[in-house]
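For the numbers below, each heavy atom of this structure counts, side chains included, while hydrogens, waters and symmetry mates do not.
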Amino acid sequence: MLNYTRFQKFVSYLLIFSILFSFTIQNSFFSLVNNLFAADETKYNLVSLIVEEEIYPSIKNSVETYAKNIQKTLENTKTIIIPVPKNTHPFNISSINEKLYFE
């Protein structure tokens with residue numbers, strides 16, 4: 001049987017207590033503090049409407065109405081209308097969407 005000194009027992013109890021205490025405090029106290037001082041970051045879902053530049057002026061009102069209807073129907077959603085040339089490569093369109101995602 002192993003015999004430990006009082007100091008070793010004290011240190012082991014202190015470490016066990018500190019680990020359990022830190023889990024308890026971290027989950028309750030620090031989350032409360034983070035909520036108090038957190039920046040107000042409202043996250044939005046994003047819907048991008050890709051429209052051909054050539055036909056966009058003739059259907060502009062319809063597309064804008066559609067975009068507003070999307071925002072009304074889906075909570076926390078923003079719509080963006082992106083006119084693009086007819087011969088735009090799909091990779092360029094996906095790059096535009098990717099930039100919007102990271103902004």
Side-chain angles (χ1 to χ4, degrees):
M1 184 169 179
L2 297 173
N3 290 329
Y4 295 105
T5 65
R6 280 188 172 189
F7 179 72
Q8 289 173 329
K9 288 180 183 180
F10 175 75
V11 170
S12 65
Y13 290 139
L14 183 65
L15 289 174
I16 292 171
F17 175 76
S18 64
I19 290 171
L20 295 175
F21 186 74
S22 69
F23 286 137
T24 305
I25 293 299
Q26 182 180 11
N27 289 336
S28 61
F29 177 72
F30 291 124
S31 65
L32 176 63
V33 171
N34 286 339
N35 289 338
L36 291 176
F37 296 109
D40 184 25
E41 292 184 19
T42 304
K43 301 286 184 183
Y44 292 100
N45 294 319
L46 186 63
V47 175
S48 59
L49 301 173
I50 311 297
V51 183
E52 274 187 38
E53 275 181 342
E54 297 168 3
I55 64 170
Y56 180 62
S58 62
I59 61 170
K60 183 177 180 179
N61 290 334
S62 299
V63 173
E64 288 177 352
T65 303
Y66 181 61
K68 289 177 185 176
N69 287 339
I70 291 172
Q71 286 181 326
K72 287 179 187 176
T73 305
L74 304 174
E75 291 184 17
N76 294 329
T77 301
K78 288 188 176 185
T79 56
I80 295 176
I81 302 168
I82 304 171
V84 294
K86 185 176 185 175
N87 57 354
T88 302
H89 194 273
F91 180 78
N92 295 339
I93 294 173
S94 67
S95 297
I96 293 170
N97 279 329
E98 184 178 4
K99 287 178 188 176
L100 291 172
Y101 177 78
F102 290 112
E103 288 180 358

- Answer yes if L15 and F7 sit in the same cluster of Ile, Leu, Val, Met, Phe, Trp and Tyr residues linked by side chain heavy atoms under 4.5 Å apart, and no otherwise. yes
- Message: Suppose we screen for side-chain hydrogen bond (donor to acceptor under 3.5 Å, both in side chains). Which residues come up paired with N97, at least two apart in sequence or across chains?
- Response: S48
- Note on the structure: Rounded to the nearest 0.5 Å, the CD atom of Q71 sits from the CG atom of N45 at a distance of 11.5 Å
- Which residues share a side-chain contact (heavy atoms from CB on, under 4.5 Å) with V47, sequence neighbours left out: L49, I70, T77, T79
- Atom pair CG/CG of L46 and N76 - distance to nearest 0.5 Å: 12.5 Å
- Item | Partners passing ring-ring contact (aromatic ring centres under 6.0 Å, His included) against Y13 (at least two apart in sequence or in another chain) | none
Taking distance alone, no hydrogens or angles, what donor-acceptor pairs closer than 3.5 Å link side-chain atoms of residues 51-69 to residues at least two apart or in another chain?
residue	atom	partner	partner atom	Å
S58	OG	I55	O	2.7
T65	OG1	N61	O	2.8
N69	ND2	T65	O	3.4

Donor-acceptor contacts, no H, no angles, side chain residues 80-90, under 3.5 Å, sequence neighbours left out:
residue	atom	partner	partner atom	Å
T88	OG1	P85	O	2.8
H89	ND1	F91	N	3.0

